[in-house]
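Working notes, structure below.
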Amino acid sequence: MTNMLEVADLGHTYGEHQAIAGLSFNVGAGELVCVVGPSGCGKSTLLRTISGLITPSHGSVDLNGDHLAVVFQDYSRSLFPWLSVQGNVEFPLRRTTKRAERRRRAAEALEWVGLTDAAKKNPWQLSGGMQQRVAIARALAYQPSLLLMDEPFASVDAQTRFELEDLLLKVRRELGATVLVVTHDIDEAVYLGDRILVLSGSPARLVADLKVDLPAVRDQVTTRTDEKFVTLRSRVARLLNVGKPTVDIAKWAAAERESLAEEALADR
Amino acid sequence: MRVFTRGLLGIAGFLVVWELFGRSPLVPDDALPPPSVVVGELFTQLSDQMFIRHVIATVLALLIAVVVAVVIAVPSGLVLGSVPAVRHATRAVIEFLRPIPSVALIPLALVMLGFGPETKITLAVYAALWPILFNTIYALDELDPVMVDTARAFGCGRIRVLLQVALPSALPFVLTGIRLAATTALVVLVSVELMSGSEIGIGYFIMEARSGAGRMDQVLVGTVVAGAIGVLVNGGLERARRRWVAW
(Lines give C-alpha, C1' and ligand atoms only; values in the text may rest on other atoms or scores of the structure.)
Protein backbone atom coordinates (compact mmCIF):
# COMPACT_ATOMS: atom_id res chain seq x y z
CA MET A 1 0.00 0.00 0.00
CA THR A 2 1.37 3.40 -0.95
CA ASN A 3 1.48 6.09 1.69
CA MET A 4 -0.72 9.12 1.15
CA LEU A 5 0.70 10.97 4.14
CA GLU A 6 4.11 10.62 5.74
CA VAL A 7 4.80 12.41 9.00
CA ALA A 8 8.40 12.23 10.20
CA ASP A 9 9.74 13.34 13.58
CA LEU A 10 7.19 16.14 13.73
CA GLY A 11 7.51 18.61 16.60
CA HIS A 12 6.09 22.00 17.38
CA THR A 13 6.64 24.52 20.14
CA TYR A 14 4.84 27.76 20.91
CA GLY A 15 7.44 29.84 22.70
CA GLU A 16 8.33 27.69 25.73
CA HIS A 17 5.42 25.29 25.38
CA GLN A 18 6.07 22.10 23.46
CA ALA A 19 2.76 20.96 21.95
CA ILE A 20 3.89 17.91 19.99
CA ALA A 21 7.20 16.04 19.96
CA GLY A 22 8.81 13.44 17.72
CA LEU A 23 5.67 12.23 15.95
CA SER A 24 6.21 9.79 13.10
CA PHE A 25 3.49 7.88 11.30
CA ASN A 26 2.10 7.14 7.84
CA VAL A 27 -1.39 7.02 6.43
CA GLY A 28 -1.83 4.59 3.54
CA ALA A 29 -3.94 5.35 0.47
CA GLY A 30 -7.60 4.58 1.15
CA GLU A 31 -7.07 4.20 4.89
CA LEU A 32 -9.16 5.82 7.61
CA VAL A 33 -6.93 6.61 10.57
CA CYS A 34 -8.17 8.03 13.87
CA VAL A 35 -5.96 10.04 16.18
CA VAL A 36 -7.03 9.96 19.84
CA GLY A 37 -5.44 11.68 22.78
CA PRO A 38 -6.35 13.45 25.98
CA SER A 39 -7.80 16.95 25.76
CA GLY A 40 -5.14 19.58 25.27
CA CYS A 41 -2.48 17.09 24.22
CA GLY A 42 -1.75 18.92 20.99
CA LYS A 43 -4.14 17.17 18.61
CA SER A 44 -5.23 20.42 17.03
CA THR A 45 -1.60 21.49 16.65
CA LEU A 46 -0.95 18.23 14.83
CA LEU A 47 -3.89 18.88 12.52
CA ARG A 48 -2.81 22.46 11.86
CA THR A 49 0.73 21.42 10.95
CA ILE A 50 -0.52 18.68 8.61
CA SER A 51 -2.99 21.04 6.92
CA GLY A 52 -0.27 23.65 6.44
CA LEU A 53 -1.96 26.30 8.58
CA ILE A 54 1.17 26.46 10.71
CA THR A 55 4.74 25.56 9.84
CA PRO A 56 6.09 22.96 12.29
CA SER A 57 9.22 23.93 14.19
CA HIS A 58 10.67 20.46 13.64
CA GLY A 59 10.31 17.50 11.31
CA SER A 60 8.34 17.14 8.10
CA VAL A 61 4.91 16.45 6.67
CA ASP A 62 4.73 14.94 3.19
CA LEU A 63 1.51 14.65 1.30
CA ASN A 64 1.60 12.25 -1.61
CA GLY A 65 -0.86 14.22 -3.71
CA ASP A 66 -1.63 17.79 -4.64
CA HIS A 67 -4.06 18.91 -1.98
CA LEU A 68 -6.00 18.10 1.16
CA ALA A 69 -9.29 19.28 2.60
CA VAL A 70 -10.23 19.99 6.19
CA VAL A 71 -13.57 19.57 7.97
CA PHE A 72 -13.59 21.61 11.17
CA GLN A 73 -15.57 20.93 14.30
CA ASP A 74 -17.31 24.27 14.21
CA TYR A 75 -19.40 23.97 11.05
CA SER A 76 -21.39 27.13 11.77
CA ARG A 77 -18.20 29.19 11.64
CA SER A 78 -16.57 27.22 8.85
CA LEU A 79 -19.38 27.61 6.30
CA PHE A 80 -19.69 31.00 4.62
CA PRO A 81 -23.08 32.54 5.43
CA TRP A 82 -23.11 34.79 2.35
CA LEU A 83 -22.98 31.79 0.02
CA SER A 84 -25.72 29.25 -0.63
CA VAL A 85 -25.12 25.61 0.23
CA GLN A 86 -24.07 25.05 -3.38
CA GLY A 87 -21.87 28.15 -3.32
CA ASN A 88 -20.10 26.82 -0.24
CA VAL A 89 -19.47 23.45 -1.85
CA GLU A 90 -18.14 25.16 -4.99
CA PHE A 91 -15.90 27.52 -3.00
CA PRO A 92 -12.66 25.47 -2.99
CA LEU A 93 -13.09 24.77 -6.73
CA ARG A 94 -13.17 28.46 -7.66
CA ARG A 95 -9.40 28.61 -8.07
CA THR A 96 -9.06 25.59 -10.26
CA THR A 97 -12.26 24.65 -12.03
CA LYS A 98 -14.55 26.12 -14.66
CA ARG A 99 -18.08 27.11 -13.72
CA ALA A 100 -19.96 24.26 -15.38
CA GLU A 101 -17.62 21.63 -13.99
CA ARG A 102 -17.89 23.24 -10.51
CA ARG A 103 -21.67 23.01 -10.71
CA ARG A 104 -21.51 19.37 -11.67
CA ARG A 105 -19.07 18.41 -8.92
CA ALA A 106 -20.99 20.35 -6.26
CA ALA A 107 -24.24 18.64 -7.28
CA GLU A 108 -22.51 15.28 -7.16
CA ALA A 109 -21.00 15.92 -3.71
CA LEU A 110 -24.34 17.12 -2.34
CA GLU A 111 -25.92 13.94 -3.62
CA TRP A 112 -23.32 11.84 -1.74
CA VAL A 113 -24.33 13.47 1.53
CA GLY A 114 -28.05 13.45 0.69
CA LEU A 115 -28.51 17.22 0.46
CA THR A 116 -29.48 17.67 -3.19
CA ASP A 117 -32.70 19.44 -2.20
CA ALA A 118 -30.90 21.93 0.03
CA ALA A 119 -28.53 23.25 -2.67
CA LYS A 120 -30.21 26.63 -3.02
CA LYS A 121 -30.69 27.20 0.73
CA ASN A 122 -28.42 29.19 2.98
CA PRO A 123 -26.32 27.20 5.44
CA TRP A 124 -27.83 28.96 8.46
CA GLN A 125 -31.27 27.70 7.47
CA LEU A 126 -30.13 24.09 8.04
CA SER A 127 -29.79 22.03 11.22
CA GLY A 128 -26.35 21.47 12.73
CA GLY A 129 -26.04 17.97 11.35
CA MET A 130 -27.00 19.14 7.86
CA GLN A 131 -24.49 21.99 8.06
CA GLN A 132 -21.73 19.54 8.88
CA ARG A 133 -22.85 17.43 5.90
CA VAL A 134 -22.44 20.53 3.73
CA ALA A 135 -18.90 20.94 5.10
CA ILE A 136 -18.19 17.28 4.29
CA ALA A 137 -19.63 17.71 0.77
CA ARG A 138 -17.43 20.77 0.28
CA ALA A 139 -14.35 18.80 1.29
CA LEU A 140 -15.30 15.85 -0.97
CA ALA A 141 -16.06 18.06 -3.99
CA TYR A 142 -12.47 19.29 -3.77
CA GLN A 143 -11.37 15.66 -4.41
CA PRO A 144 -8.60 15.82 -1.83
CA SER A 145 -5.75 13.34 -1.62
CA LEU A 146 -6.32 13.44 2.14
CA LEU A 147 -9.44 14.39 4.07
CA LEU A 148 -8.56 15.84 7.49
CA MET A 149 -11.30 16.03 10.10
CA ASP A 150 -10.94 17.91 13.38
CA GLU A 151 -13.44 16.58 15.97
CA PRO A 152 -15.98 16.62 13.13
CA PHE A 153 -18.96 15.29 15.09
CA ALA A 154 -18.31 16.80 18.51
CA SER A 155 -20.84 19.61 18.12
CA VAL A 156 -23.93 17.60 17.15
CA ASP A 157 -26.34 15.54 19.25
CA ALA A 158 -25.78 11.80 19.75
CA GLN A 159 -28.36 10.64 17.18
CA THR A 160 -26.99 12.95 14.46
CA ARG A 161 -23.51 11.92 15.40
CA PHE A 162 -24.27 8.26 14.64
CA GLU A 163 -25.82 9.25 11.31
CA LEU A 164 -22.80 11.33 10.35
CA GLU A 165 -20.36 8.59 11.36
CA ASP A 166 -22.19 6.13 9.10
CA LEU A 167 -22.33 8.72 6.32
CA LEU A 168 -18.56 9.17 6.55
CA LEU A 169 -17.98 5.40 6.42
CA LYS A 170 -20.30 5.10 3.42
CA VAL A 171 -18.78 7.89 1.30
CA ARG A 172 -15.23 6.92 2.04
CA ARG A 173 -16.00 3.31 1.09
CA GLU A 174 -17.60 4.43 -2.16
CA LEU A 175 -14.92 6.98 -3.03
CA GLY A 176 -11.92 5.17 -1.60
CA ALA A 177 -10.93 8.36 0.18
CA THR A 178 -8.00 8.62 2.56
CA VAL A 179 -9.14 10.08 5.86
CA LEU A 180 -7.45 11.25 9.07
CA VAL A 181 -9.88 11.95 11.91
CA VAL A 182 -8.76 13.71 15.07
CA THR A 183 -11.06 12.97 18.00
CA HIS A 184 -11.10 12.76 21.77
CA ASP A 185 -13.87 10.15 21.67
CA ILE A 186 -12.48 6.61 22.05
CA ASP A 187 -15.69 4.88 20.89
CA GLU A 188 -15.80 7.02 17.79
CA ALA A 189 -12.16 6.28 16.99
CA VAL A 190 -12.71 2.53 17.24
CA TYR A 191 -16.00 2.65 15.33
CA LEU A 192 -14.61 4.69 12.43
CA GLY A 193 -10.98 3.70 12.15
CA ASP A 194 -8.96 1.13 10.25
CA ARG A 195 -6.14 2.17 12.56
CA ILE A 196 -5.93 4.18 15.75
CA LEU A 197 -3.00 6.37 16.73
CA VAL A 198 -2.97 6.94 20.49
CA LEU A 199 -1.22 10.08 21.68
CA SER A 200 0.09 10.87 25.16
CA GLY A 201 -0.58 14.05 27.07
CA SER A 202 1.27 17.28 26.40
CA PRO A 203 3.65 17.27 24.61
CA ALA A 204 1.91 14.77 22.35
CA ARG A 205 3.96 11.67 21.56
CA LEU A 206 2.85 8.53 19.80
CA VAL A 207 1.98 5.88 22.42
CA ALA A 208 0.46 3.18 20.22
CA ASP A 209 -0.47 2.46 16.61
CA LEU A 210 -3.33 -0.07 16.73
CA LYS A 211 -5.00 -1.92 13.89
CA VAL A 212 -8.78 -2.11 14.16
CA ASP A 213 -9.72 -5.69 13.35
CA LEU A 214 -13.39 -5.12 12.55
CA PRO A 215 -15.28 -5.73 9.28
CA ALA A 216 -15.27 -2.86 6.79
CA VAL A 217 -19.03 -2.49 6.92
CA ARG A 218 -20.02 -1.44 10.43
CA ASP A 219 -23.26 -0.99 12.26
CA GLN A 220 -24.02 1.28 15.19
CA VAL A 221 -25.71 -1.50 17.19
CA THR A 222 -23.90 -4.73 16.36
CA THR A 223 -20.39 -3.30 15.93
CA ARG A 224 -20.49 -1.48 19.23
CA THR A 225 -21.40 -4.72 21.04
CA ASP A 226 -18.86 -6.83 19.12
CA GLU A 227 -16.34 -8.37 21.51
CA LYS A 228 -13.41 -7.06 19.44
CA PHE A 229 -14.84 -3.53 19.63
CA VAL A 230 -15.22 -3.74 23.41
CA THR A 231 -11.73 -5.16 23.91
CA LEU A 232 -10.12 -2.54 21.70
CA ARG A 233 -11.92 0.39 23.29
CA SER A 234 -10.81 -0.83 26.75
CA ARG A 235 -7.27 -1.11 25.51
CA VAL A 236 -7.27 2.44 24.14
CA ALA A 237 -8.89 3.68 27.33
CA ARG A 238 -6.14 2.04 29.39
CA LEU A 239 -3.49 3.59 27.17
CA LEU A 240 -5.07 6.96 27.76
CA ASN A 241 -5.22 6.29 31.52
CA VAL A 242 -8.91 7.09 31.54
CA GLY A 243 -10.52 6.83 34.97
CA LYS A 244 -7.23 6.32 36.81
CA PRO A 245 -6.78 8.59 39.84
CA THR A 246 -3.33 9.57 38.54
CA VAL A 247 -5.02 11.43 35.74
CA ASP A 248 -5.62 15.01 36.63
CA ILE A 249 -8.55 16.13 34.49
CA ALA A 250 -8.28 19.68 35.79
CA LYS A 251 -4.65 19.77 34.69
CA TRP A 252 -5.58 18.57 31.21
CA ALA A 253 -8.29 21.14 30.94
CA ALA A 254 -5.87 23.87 32.02
CA ALA A 255 -3.28 22.64 29.52
CA GLU A 256 -5.87 22.66 26.75
CA ARG A 257 -6.93 26.23 27.51
CA GLU A 258 -3.32 27.25 27.61
CA SER A 259 -2.41 25.65 24.33
CA LEU A 260 -5.45 27.13 22.59
CA ALA A 261 -4.63 30.58 23.95
CA GLU A 262 -1.04 30.27 22.82
CA GLU A 263 -2.13 29.05 19.45
CA ALA A 264 -4.44 32.04 19.12
CA LEU A 265 -1.49 34.27 19.98
CA ALA A 266 0.79 32.49 17.56
CA ASP A 267 -1.76 33.02 14.77
CA ARG A 268 -1.75 36.78 15.13
CA MET B 1 -49.28 46.98 10.25
CA ARG B 2 -49.75 48.08 13.83
CA VAL B 3 -46.26 49.58 13.84
CA PHE B 4 -47.11 51.39 10.63
CA THR B 5 -50.35 52.79 12.09
CA ARG B 6 -48.54 54.01 15.18
CA GLY B 7 -45.96 55.68 12.96
CA LEU B 8 -48.72 57.51 11.08
CA LEU B 9 -50.28 58.60 14.38
CA GLY B 10 -46.91 60.01 15.48
CA ILE B 11 -46.57 62.02 12.27
CA ALA B 12 -50.16 63.27 12.56
CA GLY B 13 -49.51 64.38 16.15
CA PHE B 14 -46.38 66.21 15.08
CA LEU B 15 -48.25 68.03 12.30
CA VAL B 16 -51.03 69.08 14.74
CA VAL B 17 -48.51 70.52 17.20
CA TRP B 18 -46.73 72.34 14.38
CA GLU B 19 -50.05 73.70 13.04
CA LEU B 20 -51.10 74.99 16.48
CA PHE B 21 -47.68 76.44 17.17
CA GLY B 22 -47.53 78.13 13.76
CA ARG B 23 -50.89 79.79 14.29
CA SER B 24 -50.37 80.69 17.95
CA PRO B 25 -49.55 84.27 18.98
CA LEU B 26 -46.34 83.00 20.59
CA VAL B 27 -44.39 83.06 17.34
CA PRO B 28 -44.16 86.16 15.18
CA ASP B 29 -46.33 86.25 12.05
CA ASP B 30 -44.91 84.33 9.08
CA ALA B 31 -41.89 83.06 11.06
CA LEU B 32 -43.27 79.52 11.20
CA PRO B 33 -45.90 78.88 8.54
CA PRO B 34 -48.19 75.99 9.59
CA PRO B 35 -48.11 72.69 7.65
CA SER B 36 -51.38 73.49 5.86
CA VAL B 37 -49.63 76.41 4.17
CA VAL B 38 -46.32 74.55 3.64
CA VAL B 39 -48.03 71.57 1.98
CA GLY B 40 -49.77 73.88 -0.47
CA GLU B 41 -46.48 75.54 -1.32
CA LEU B 42 -44.83 72.11 -1.59
CA PHE B 43 -47.22 71.12 -4.40
CA THR B 44 -46.64 74.44 -6.12
CA GLN B 45 -42.88 73.92 -5.97
CA LEU B 46 -43.02 70.28 -7.07
CA SER B 47 -44.56 71.41 -10.35
CA ASP B 48 -41.86 74.05 -10.76
CA GLN B 49 -39.00 72.89 -12.95
CA MET B 50 -36.45 75.07 -11.18
CA PHE B 51 -37.23 73.50 -7.80
CA ILE B 52 -36.95 70.00 -9.27
CA ARG B 53 -33.53 70.93 -10.62
CA HIS B 54 -32.44 72.03 -7.15
CA VAL B 55 -33.56 68.68 -5.75
CA ILE B 56 -31.86 66.72 -8.52
CA ALA B 57 -28.63 68.67 -7.99
CA THR B 58 -28.51 67.75 -4.31
CA VAL B 59 -29.50 64.10 -4.82
CA LEU B 60 -26.98 63.69 -7.64
CA ALA B 61 -24.22 65.24 -5.53
CA LEU B 62 -25.17 62.90 -2.69
CA LEU B 63 -24.99 59.87 -4.96
CA ILE B 64 -21.60 60.87 -6.36
CA ALA B 65 -20.23 61.63 -2.88
CA VAL B 66 -21.32 58.29 -1.44
CA VAL B 67 -19.97 56.31 -4.41
CA VAL B 68 -16.61 58.12 -4.26
CA ALA B 69 -16.44 57.62 -0.48
CA VAL B 70 -17.13 53.88 -0.87
CA VAL B 71 -14.49 53.55 -3.58
CA ILE B 72 -11.91 55.21 -1.31
CA ALA B 73 -12.93 53.94 2.12
CA VAL B 74 -13.64 50.23 1.52
CA PRO B 75 -10.26 49.35 -0.06
CA SER B 76 -8.47 51.56 2.50
CA GLY B 77 -10.38 49.82 5.28
CA LEU B 78 -9.39 46.42 3.91
CA VAL B 79 -5.73 47.41 3.88
CA LEU B 80 -5.81 49.11 7.29
CA GLY B 81 -7.77 46.25 8.79
CA SER B 82 -5.52 43.49 7.54
CA VAL B 83 -2.03 45.04 7.62
CA PRO B 84 -1.23 46.10 11.21
CA ALA B 85 1.92 47.98 10.14
CA VAL B 86 -0.05 50.34 7.88
CA ARG B 87 -2.67 50.79 10.56
CA HIS B 88 -0.12 51.78 13.20
CA ALA B 89 1.63 54.14 10.82
CA THR B 90 -1.58 55.97 9.90
CA ARG B 91 -3.27 55.95 13.30
CA ALA B 92 -2.06 59.40 14.41
CA VAL B 93 -3.03 61.10 11.16
CA ILE B 94 -6.45 59.49 11.12
CA GLU B 95 -7.15 60.35 14.75
CA PHE B 96 -6.27 63.97 13.93
CA LEU B 97 -8.37 64.22 10.75
CA ARG B 98 -11.43 62.34 11.92
CA PRO B 99 -12.79 64.76 14.56
CA ILE B 100 -12.57 67.80 12.26
CA PRO B 101 -16.16 68.75 11.37
CA SER B 102 -16.51 68.90 7.58
CA VAL B 103 -18.38 72.18 7.96
CA ALA B 104 -15.25 73.73 9.45
CA LEU B 105 -13.45 72.94 6.22
CA ILE B 106 -15.93 74.88 4.06
CA PRO B 107 -13.89 78.13 3.87
CA LEU B 108 -10.74 76.21 3.02
CA ALA B 109 -12.55 74.19 0.35
CA LEU B 110 -14.12 77.32 -1.15
CA VAL B 111 -10.72 78.94 -1.52
CA MET B 112 -9.14 75.82 -2.94
CA LEU B 113 -11.93 74.54 -5.16
CA GLY B 114 -14.17 77.51 -5.88
CA PHE B 115 -17.95 77.63 -5.97
CA GLY B 116 -18.68 74.71 -8.27
CA PRO B 117 -20.20 71.37 -7.30
CA GLU B 118 -16.76 69.88 -6.67
CA THR B 119 -16.55 71.82 -3.39
CA LYS B 120 -19.64 70.37 -1.82
CA ILE B 121 -18.96 66.92 -3.19
CA THR B 122 -15.41 66.95 -1.83
CA LEU B 123 -16.59 67.97 1.61
CA ALA B 124 -19.39 65.40 1.58
CA VAL B 125 -16.90 62.71 0.57
CA TYR B 126 -14.67 63.77 3.46
CA ALA B 127 -17.56 63.43 5.91
CA ALA B 128 -18.75 60.13 4.42
CA LEU B 129 -15.33 58.47 4.47
CA TRP B 130 -15.07 57.93 8.20
CA PRO B 131 -18.12 55.80 9.02
CA ILE B 132 -17.38 53.52 6.05
CA LEU B 133 -13.66 53.31 6.82
CA PHE B 134 -14.12 52.56 10.50
CA ASN B 135 -16.90 50.05 9.96
CA THR B 136 -14.76 48.21 7.43
CA ILE B 137 -11.78 48.09 9.80
CA TYR B 138 -14.02 46.98 12.66
CA ALA B 139 -15.54 44.23 10.51
CA LEU B 140 -12.07 42.88 9.71
CA ASP B 141 -11.25 42.81 13.43
CA GLU B 142 -14.36 40.69 13.92
CA LEU B 143 -13.48 38.31 11.07
CA ASP B 144 -13.87 34.72 12.27
CA PRO B 145 -10.49 32.92 12.33
CA VAL B 146 -12.22 29.59 11.56
CA MET B 147 -13.42 31.03 8.23
CA VAL B 148 -9.92 32.21 7.41
CA ASP B 149 -8.48 28.80 8.35
CA THR B 150 -11.08 27.11 6.16
CA ALA B 151 -10.13 29.19 3.13
CA ARG B 152 -6.40 28.83 3.80
CA ALA B 153 -6.71 25.06 4.21
CA PHE B 154 -8.31 25.02 0.74
CA GLY B 155 -5.19 26.72 -0.58
CA CYS B 156 -6.38 30.34 -0.73
CA GLY B 157 -3.58 32.92 -0.51
CA ARG B 158 -3.70 36.27 1.28
CA ILE B 159 -5.37 38.23 -1.51
CA ARG B 160 -7.97 35.54 -2.13
CA VAL B 161 -8.79 35.35 1.58
CA LEU B 162 -9.13 39.14 1.66
CA LEU B 163 -11.42 39.37 -1.37
CA GLN B 164 -13.42 36.17 -1.06
CA VAL B 165 -13.71 35.81 2.71
CA ALA B 166 -12.88 39.04 4.54
CA LEU B 167 -14.73 41.37 2.17
CA PRO B 168 -18.04 39.48 1.97
CA SER B 169 -18.02 38.78 5.70
CA ALA B 170 -17.49 42.53 6.28
CA LEU B 171 -20.44 43.43 4.07
CA PRO B 172 -23.10 43.90 6.80
CA PHE B 173 -20.85 46.34 8.67
CA VAL B 174 -19.86 48.11 5.47
CA LEU B 175 -23.49 48.62 4.48
CA THR B 176 -24.29 50.05 7.91
CA GLY B 177 -21.32 52.37 7.47
CA ILE B 178 -22.64 53.50 4.07
CA ARG B 179 -26.04 54.20 5.59
CA LEU B 180 -24.53 56.39 8.30
CA ALA B 181 -22.25 58.02 5.73
CA ALA B 182 -25.12 58.91 3.38
CA THR B 183 -26.99 60.74 6.14
CA THR B 184 -23.87 62.66 7.17
CA ALA B 185 -23.07 63.50 3.55
CA LEU B 186 -26.56 64.94 3.05
CA VAL B 187 -26.14 67.22 6.07
CA VAL B 188 -22.80 68.47 4.73
CA LEU B 189 -24.15 69.00 1.20
CA VAL B 190 -27.08 71.13 2.36
CA SER B 191 -24.78 73.05 4.72
CA VAL B 192 -22.34 73.91 1.95
CA GLU B 193 -25.20 74.94 -0.33
CA LEU B 194 -26.56 77.17 2.43
CA MET B 195 -23.20 78.83 2.86
CA SER B 196 -23.25 79.80 -0.80
CA GLY B 197 -20.69 77.21 -1.71
CA SER B 198 -22.93 76.32 -4.62
CA GLU B 199 -25.29 77.93 -7.10
CA ILE B 200 -27.84 75.17 -7.15
CA GLY B 201 -29.27 72.65 -4.69
CA ILE B 202 -31.82 72.45 -1.91
CA GLY B 203 -29.64 74.42 0.52
CA TYR B 204 -29.26 77.18 -2.07
CA PHE B 205 -33.04 77.19 -2.62
CA ILE B 206 -33.62 77.59 1.14
CA MET B 207 -31.08 80.39 1.36
CA GLU B 208 -32.61 82.27 -1.57
CA ALA B 209 -36.14 81.93 -0.21
CA ARG B 210 -35.08 83.37 3.12
CA SER B 211 -32.80 86.18 2.03
CA GLY B 212 -34.92 87.41 -0.89
CA ALA B 213 -38.59 87.72 -0.16
CA GLY B 214 -38.39 86.09 3.26
CA ARG B 215 -40.66 83.32 2.08
CA MET B 216 -40.58 81.08 5.15
CA ASP B 217 -43.10 78.70 3.58
CA GLN B 218 -40.57 78.04 0.81
CA VAL B 219 -37.78 77.67 3.36
CA LEU B 220 -39.80 74.98 5.09
CA VAL B 221 -40.60 73.28 1.78
CA GLY B 222 -36.84 72.97 1.22
CA THR B 223 -36.34 71.67 4.75
CA VAL B 224 -39.11 69.09 4.43
CA VAL B 225 -37.78 67.86 1.08
CA ALA B 226 -34.23 67.57 2.48
CA GLY B 227 -35.62 65.55 5.38
CA ALA B 228 -37.60 63.34 3.01
CA ILE B 229 -34.46 62.60 0.97
CA GLY B 230 -32.70 61.61 4.19
CA VAL B 231 -35.51 59.27 5.19
CA LEU B 232 -35.70 57.67 1.75
CA VAL B 233 -31.95 57.09 1.50
CA ASN B 234 -31.75 55.69 5.02
CA GLY B 235 -34.76 53.42 4.51
CA GLY B 236 -33.60 52.27 1.08
CA LEU B 237 -30.15 51.31 2.33
CA GLU B 238 -31.63 49.53 5.34
CA ARG B 239 -33.89 47.51 3.05
CA ALA B 240 -30.96 46.71 0.78
CA ARG B 241 -28.99 45.46 3.79
CA ARG B 242 -31.83 43.20 4.95
CA ARG B 243 -32.36 41.85 1.48
CA TRP B 244 -28.77 41.09 0.53
CA VAL B 245 -27.10 40.35 3.82
CA ALA B 246 -29.73 38.47 5.73
CA TRP B 247 -27.40 36.37 7.89
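Labels below follow one simple rule: chain letters A, B, ... track the order of the sequence lines, proteins then strands, and each chain is numbered from 1.
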(request) Find the one option among A:S78, A:P144, A:S51, A:A135 whose heavy-atom pairs under 4.5 Å with chain B are most numerous. (result) A:S78
(request) Please state whether the side chain, the backbone, both or neither of A:L148 comes within less than 4.5 Å of a heavy atom of chain B. (result) neither
(message) Report which part of A:W82 has an atom under 4.5 Å of a heavy atom belonging to chain B: side chain, backbone, both, or neither.
(response) both
(request) Would you kindly say whether A:Q73 and A:S155 are connected by a side-chain donor-acceptor distance under 3.5 Å? (result)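 Distance-only check passes for A:Q73 and A:S155.
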(message) Is it the case that the side chains of A:T13 and A:Q18 hold a donor-acceptor pair, with the cut-off being a distance below 3.5 Å and no angle test?
(response)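 No, because no side-chain N or O of A:Q18 sits under 3.5 Å from a partner of the opposite role on A:T13.
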(message) Cation-pi check for A:F80 against A:R138: NZ or CZ below 6.0 Å from the six-membered ring centre and within 45 degrees of the axis, yes or no?
(response)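 Yes, a cation-pi geometry.
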(message) Taking side chain as everything from C-beta outward and backbone as N, CA, C, O, which of these in B:V165 sits under 4.5 Å from a heavy atom of chain A? Side chain, backbone, both or neither.
(response) both
(request) Answer yes or no: is there an ion pair linking B:E238 with B:R241, defined by an N-O contact shorter than 4.0 Å? (result)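 Here B:E238 pairs with B:R241 in a salt bridge, since their nearest N and O are under 4.0 Å apart.
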